[in-house]
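Heads up: the structure comes next, in C-alpha cells.
Throughout, protein chains are lettered first and strands after them, A, B, ... in sequence-line order, and every chain is numbered starting at 1. From a predicted model like this one, the values you see are computed outputs, not experimental measurements. All heavy atoms count here, side chains included; hydrogens, waters and symmetry mates do not.
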Protein chains: 2
Amino acid sequence: MEITWQPNPQSPIPLYQQISTYCRQQIQQGNWLVGEKLPAQRQLAQQFGVNRSTIVTALNDLQADGVLISAHGNGTRVASNTWSLALDWHHYLDGQFNANLPTIQTINRLENENYLRLSTGELAPELFPQKLVQAKLRAITPQVTQLNYLEPLGALNLRQALVKRLQHWQIDVQPENILITSGSLQALELISVALLKPGATIYTEAATYLNSLQVFQSAAATLTGIPQDDAGLCYWQLPASTTTQQLLYTIPSFQNPTGSVMTQQRRHDLLQFAEKHQLPIIEDTAYQDLWLETPPPLPLKALDRAGNVLYLGTISKVLAPGLRLGWIVGPTAVIRRLSDVKMQTDYGASSLAQQLLAALLADSAYDDYLTELRQQLRQRRDAALASLKDYLADVATWQVPRGGFYIWLKLKPTINMEQLFQAALKRHILFNPGSIYGADHALRLSFAYASPAAFRRGIAELAELIKRA
Amino acid sequence: MEITWQPNPQSPIPLYQQISTYCRQQIQQGNWLVGEKLPAQRQLAQQFGVNRSTIVTALNDLQADGVLISAHGNGTRVASNTWSLALDWHHYLDGQFNANLPTIQTINRLENENYLRLSTGELAPELFPQKLVQAKLRAITPQVTQLNYLEPLGALNLRQALVKRLQHWQIDVQPENILITSGSLQALELISVALLKPGATIYTEAATYLNSLQVFQSAAATLTGIPQDDAGLCYWQLPASTTTQQLLYTIPSFQNPTGSVMTQQRRHDLLQFAEKHQLPIIEDTAYQDLWLETPPPLPLKALDRAGNVLYLGTISKVLAPGLRLGWIVGPTAVIRRLSDVKMQTDYGASSLAQQLLAALLADSAYDDYLTELRQQLRQRRDAALASLKDYLADVATWQVPRGGFYIWLKLKPTINMEQLFQAALKRHILFNPGSIYGADHALRLSFAYASPAAFRRGIAELAELIKRA
C-alpha cells in the first residue's frame with residue numbers, strides 16, 4: 001500500500017476528514033483490496049504529512065463506519081466489502097502467467113530508487129554516446145513524415161543494416177530471415193507461445209538468465225539445466241530425444257550470469273549433435289559484441305548448416321535498453337510464424353526507435369563507439385577485479401571475464417545469501433543473488449553500471465557484512 | 001515461398017548452378033520446408049530473372065539429387081530431408097498462440113504493397129502533424145542523455161501528462177493507476193495472460209474488433225457476443241454470474257467496426273449492473289477523442305465508483321500507431337500485477353517514444369492538432385457518405401458515424417462476401433469483410449486512410465463488382 005497523496009492544509013475541510021475520504025476512495029476504486037493491512041500509525045502520519053492524532057481520528061472514523069477493522073496486535077485492515085460496492089479483484093490477480101520471483105520484484109522496484117546497484121545488467125548512463133545518438137536523432141527528424149504501422153517483420157532498412165552487421169560474424173541471411181522484436185525478452189516470449197505446446201522442455205546452461213524469467217514456465221514448459229565444463233555446455237549430457245518438443249537455450253559468448261565462453265570446438269560439436277538429434281537451438285548473443293580483448297568464436301548461427309539455430313540479437317546491452325529493440329534470425333517459415341503472433345500481441349516494435357537504430361547501425365561512428373566502449377569496460381572490469389581482490393579474496397572466488405558485464409562470484413557455502421541480500425538492502429545496496437539464476441552460494445556482479453569508486457565502496461560494505469555474519 | 005534473390009549474370013558460375021545452389025541453401029537453412037511446393041516454372045523464371053530453360057536445367061539438377069521431387073500434375077516439391085541435414089521445423093510451427101485468421105494474414109501482407117486500402121484503421125499519412133512532431137522531437141533531443149530501462153509502470157512524466165488529460169474526461173486517478181503499454185493490443189494480451197485462467201468468458205458487442213484477434217482465445221478464453229440496440233450493449237442479456245471468470249469488453253464510443261455510441265443512460269445502467277454482479281469491464285477508448293460534431297458521453301471509467309473498469313487508451317488512432325503506446329488505467333493492485341507480467345514479457349515500452357509523447361501531450365498545440373484533425377475527418381466522412389450514396393444506395397445500408405474512422409456497411413444477403421473480397425483483391429483493392437469481426441453480409445470501411453478521391457474510385461469499383469456478380 002503506497003500513499004503518495006497528502007491532504008491540503010489550506011482546505012476548509014478538516015485534515016482527518018480529507019484523509020478518511022481519501023481512504024474510502026482508495027477502497028472503492030479497488031486500489032486497496034479487502035484484507036489489505038494498513039501501514040502503522042506512525043508511518044501513516046509521516047506519509048500523509050500530519051500529526052499522529054489526526055491519523056487516530058481518521059482511523060476511528062473509518063472503523064466506526066466498518067470500512068476498516070482493527071485486530072488487536074495485528075494492525076488495521078481493509079474490512080470485507082459488504083459495506084461497499086468495490087469489485088473484488090482478488091479472483092483476477094492470479095492468471096496464467098507466473099508472477100516474478102519475489103527477489104526480482106524487489107530488485108525491479110528498488111532499481112529506480114536511490115540504491116547502489118552492484119549487479120544491474122545495463123550500461124551506466126555516463127557510457128551512453130549522447131553526441132552520436134543526438135546527432136542521429138537530428139538526422140532522422142526531417143524524415144519523420146509519418147509514424148504509421150510498419151511491415152510485419154519490422155522496418156526494412158533496419159533489417160538491411162542488420163544483414164550487413166551479421167555478415168561481420170559470417171552469418172549470411174536475407175532481410176526476410178529477420179524479425180524485429182521489442183527486445184530479446186519479447187523474442188523469448190514469442191518463441192514460447194508461437195512455437196511451443198505445453199510440456200516442452202528447454203535445456204539451458206545450469207546457471208542461466210532464463211531461470212530469472214517465468215516466460216517459458218508460464219507456457220507450461222520445463223527448464224532443465226545442463227552442466228558446463230571449461231569449454232562450455234556438456235551437450236553429451238542432454239537426454240536422448242523424446243516425443244515432446246525440445247529446445248536448447250544457450251548464451252555461448254559471455255554467458256549471463258557466469259561470463260563463460262564456449263570454445264570454437266565445442267560450438268562445432270554441439271551443432272553436430274543438434275543436427276543429428278533434430279534439436280533446435282536458441283542462441284542468445286546479447287553480449288557478443290562486448291568482448292574486451294579479442295572477439296569470441298563465431299556464433300553458432302555462422303556454423304549452422306541445417307537451420308537449427310534461432311539467433312537472438314539485441315541493442316539493449318551494447319547501447320540502449322530503452323529503445324526496446326531486438327531481432328530473431330532464423331528460417332523464414334519460423335520467422336513468419338513468430339511475426340504472425342507478434343502482429344497479434346503488439347503489432348510491431350516502435351517505428352521511431354527502429355528508424356533511429358537503422359541510422360546508427362549504418363554509420364561507422366557506431367563502430368568507433370563500440371571500440372571506445374570496450375576500452376571503458378576493460379578499465380571498469382580491471383578496477384572491479386582489484387576491488388574484489390582487496391576485499392573478498394578470502395571468502396570468494398571468481399574468473400576473469402573476457403567480455404560482457406558480469407563477474408560471477410562464488411562464495412563460501414557457510415555464507416547465508418538470503419541474509420546477506422537483506423543486510424545489503426538495509427545499507428541501500430542491491431545485488432542479484434545467484435539463486436535467481438539457479439545457483440546457490442553465488443552472486444552476479446556487474447562492472448558496467450556502478451562507477452569503479454561506487455563499486456569498490458559496495459564491495460567493501462559487502463565484505464564487512466560477510467565478516468559480521 | 002517468396003524469392004527475392006536473383007543470380008549474378010557477371011559471375012563465372014553458370015546461372016542454373018547459382019540457382020540450384022541457392023535452392024539447396026534455402027532448404028538446408030530451413031527456409032523452404034519439407035513438402036513445400038515450388039512456384040510454377042514460368043513464375044520461377046520471372047522471379048529469378050532468367051529464361052525458363054535455365055529453370056528447367058536447375059530443377060532437373062535438384063531432382064536428380066533427390067532434393068526436389070516432381071509429382072505429375074502436382075508441381076515440384078521439397079523432398080523429405082533424408083538426404084539433407086535440415087531440421088524439420090514443422091513440429092514447431094503450431095504453438096499455443098493461434099494463427100491469425102487467413103483473411104487478416106492476407107490483409108497484413110498486402111497492406112504494405114500497392115493496394116487501395118478502403119478499411120485501414122489508421123490515419124492517412126497526409127493527416128500526420130509533421131511540423132508539430134518534428135518540433136517536439138527537436139525539443140526532446142538534448143534531453144536524450146541516456147536510454148536506459150524505465151520504471152516498471154512507464155515514464156512518470158508521461159503518466160502525469162495522462163493524469164491531466166484523463167481529468168478532461170472527469171477521470172480522477174494518480175500516476176500509479178496507469179501502466180504504459182506497447183499499444184492497446186498489448187494491454188489486451190497482458191490482461192489475457194495476467195488476469196485470466198483457462199475457461200474465462202469475455203462478453204463483447206456482437207460485432208467487435210476483438211473477434212479479429214486471437215489474443216483471448218489463445219489464453220483459452222471464450223468470446224461471447226451480446227446484442228446491441230440503439231442505446232448500446234443490451235447488458236440485461238448477459239448471463240447470470242457463473243463460477244468461472246467473466247469480463248465484459250466494450251468500445252462505448254465510436255465502436256469498431258460499427259461506429260455506434262453507447263448512450264449516457266446505458267452507461268450508467270451498465271455500470272450499475274456490473275457493480276451488482278461483480279463484473280469487471282474492459283473499456284476500450286481508442287476512438288473517444290475522434291468525435292466529429294460533439295464529444296461522446298463520459299467514459300465508463302468516469303462513472304466507475306467501485307473499481308470495475310479497466311480503461312484502455314492509445315495514441316495509435318489519434319496520432320501515430322508507429323509510436324506503439326497505449327495505457328491501462330485501473331486499481332493499483334491490478335496495475336501492479338499487469339506491470340509485473342509486462343516486465344517479464346518485454347520489459348517496458350520504448351522510452352524514446354514515451355518521451356516524445358509526454359512532450360506532445362503536455363503541449364496545447366496537441367489540442368489544436370486534434371481540432372484540425374476533427375475537421376479533416378468530418379470532410380472525409382461527408383465525402384465518403386456521398387460516394388456511398390452515389391454508388392451503393394441500392395445494395396447497402398449504413399449509419400452516419402459521429403466519430404472514429406469507420407462506416408459499417410450492411411450489404412444485401414445475396415452478395416457473396418468472400419467472392420467480393422477476392423474479386424476486389426484482383427483489382428488491387430483491400431477491404432475488411434465483416435466476417436473478421438463476427439458479422440456476415442457487412443464490411444468495414446474507413447474514411448481516415450484513403451483520400452476522398454481514391455475512396456470514391458474504390459467504392460465505384462466495388463459497386464461494379466457487386467453488380468457483375
Side-chain angles (χ1 to χ4, degrees), chain A residues 28-31 33 85-87 89 92-93 95-97 99-100 108 112 122 125 128 130 134 137 141 144-149 151-152 182-183 185-186 189 193-196 214 275 278 305-308 320-324 331-334 337 340-341 343-347 350-353, chain B residues 28-31 33 85-87 89 92-93 95-97 99-100 108 112 122 125 128 130 134 137 141 144-149 151-152 182-183 185-186 189 193-196 214 275 278 305-308 320-324 331-334 337 340-341 343-347 350-353:
Chain A
Q28 280 196 329
Q29 292 173 6
N31 292 336
L33 299 186
L85 295 162
L87 177 69
W89 279 98
Y92 295 87
L93 298 181
Q96 299 168 54
F97 207 100
N100 242 320
N108 282 345
N112 293 294
E122 56 187 319
F128 184 74
Q130 286 187 34
Q134 291 179 4
L137 252 180
T141 295
V144 180
T145 55
Q146 56 142 305
L147 287 169
N148 274 354
Y149 293 113
E151 314 88 299
S182 306
L185 182 52
Q186 193 198 34
E189 164 67 9
V193 300
L195 305 188
L196 300 186
Q214 296 293 319
E275 284 167 12
Q278 293 265 324
R305 298 170 303 165
N308 282 63
L323 288 176
R324 305 310 307 118
T332 48
V334 181
R337 166 71 178 144
D340 184 56
V341 173
M343 287 295 276
Q344 296 187 74
T345 52
D346 74 358
Y347 234 112
S350 166
S351 62
L352 187 61
Chain B
Q28 280 195 329
Q29 292 173 6
N31 293 335
L33 299 186
L85 295 162
L87 177 69
W89 279 98
Y92 295 87
L93 298 180
Q96 299 168 54
F97 207 101
N100 241 321
N108 283 345
N112 293 293
E122 55 187 320
F128 184 74
Q130 285 188 34
Q134 292 179 3
L137 252 180
T141 295
V144 180
T145 56
Q146 56 142 306
L147 287 169
N148 274 353
Y149 293 113
E151 314 88 298
S182 305
L185 182 51
Q186 193 197 34
E189 163 67 8
V193 299
L195 305 188
L196 300 186
Q214 296 292 321
E275 283 168 13
Q278 292 266 324
R305 299 168 303 164
N308 281 63
L323 288 176
R324 305 311 308 119
T332 49
V334 181
R337 166 71 178 146
D340 184 57
V341 174
M343 287 294 276
Q344 295 187 75
T345 51
D346 75 358
Y347 235 111
S350 167
S351 62
L352 187 61

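- Comparing B:P321, B:A320, B:A194 by heavy-atom pairs within less than 4.5 Å of chain A, the highest count is held by B:P321.
- Atom CD of A:Q214 sits about 12.5 Å away from atom OG1 of B:T345, to the nearest 0.5 Å.
- Of the listed residues (B:L33, B:N100, B:V334), the greatest number of heavy-atom pairs within a distance under 4.5 Å of chain A belongs to B:N100.
- To the nearest 0.5 Å, atom OG of residue A:S182 and atom CZ of residue B:R324 are 8.5 Å apart.
- A pairwise comparison of heavy atoms in A:W89 and B:G307 identifies NE1-O, 2.6 Å as the closest pair.
- Heavy atoms of A:L352 lying under 4.5 Å from chain B belong to its backbone as well as its side chain.
- Atom OH in B:Y149 sits 6.5 Å away from atom CD in A:E122 (nearest 0.5 Å).
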* Please step through side chain to side chain contact (heavy atoms under 4.5 Å, CB included) for the pair B:E189 and A:E189, ending with a clear verdict. => CA-CA 12 Å; B:E189 163 67 8; A:E189 164 67 9; 3.9 Å; yes
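- Both the backbone and the side chain of A:Q96 come within less than 4.5 Å of a heavy atom in chain B.
- A donor-acceptor pair is defined here as one N or O able to donate and one able to accept, closer than 3.5 Å; no such pair exists between the side chain of A:D340 and the backbone of B:A99.
- Of the possible polar contacts, one joining the B:N31 side chain to the A:T332 backbone as a donor-acceptor pair under 3.5 Å is found.
- Closest approach of B:N308 to A:L87, counting heavy atoms only: OD1-CB, 3.7 Å.
- Both the backbone and the side chain of A:Q134 come within contact range of chain B, each with at least one heavy atom under 4.5 Å from a heavy atom of that chain.
- Between chain A and the options B:P152, B:G322, B:G183, the largest number of non-hydrogen pairs under 4.5 Å is found for B:G322.
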* Should B:F128 and A:N148 be marked as a side chain to side chain contact (heavy atoms under 4.5 Å, CB included) after you check the CA-CA gap, both sets of side-chain angles, and the distance that decides it? -> CA-CA 9 Å; B:F128 184 74; A:N148 274 354; 5.9 Å; no
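- Note: B:R337 leads B:R337, B:E151, B:Q186, B:Q130 in heavy-atom pairs under 4.5 Å with chain A.
- In this structure, the portion of A:N112 lying under 4.5 Å from any heavy atom of chain B is its side chain and not its backbone.
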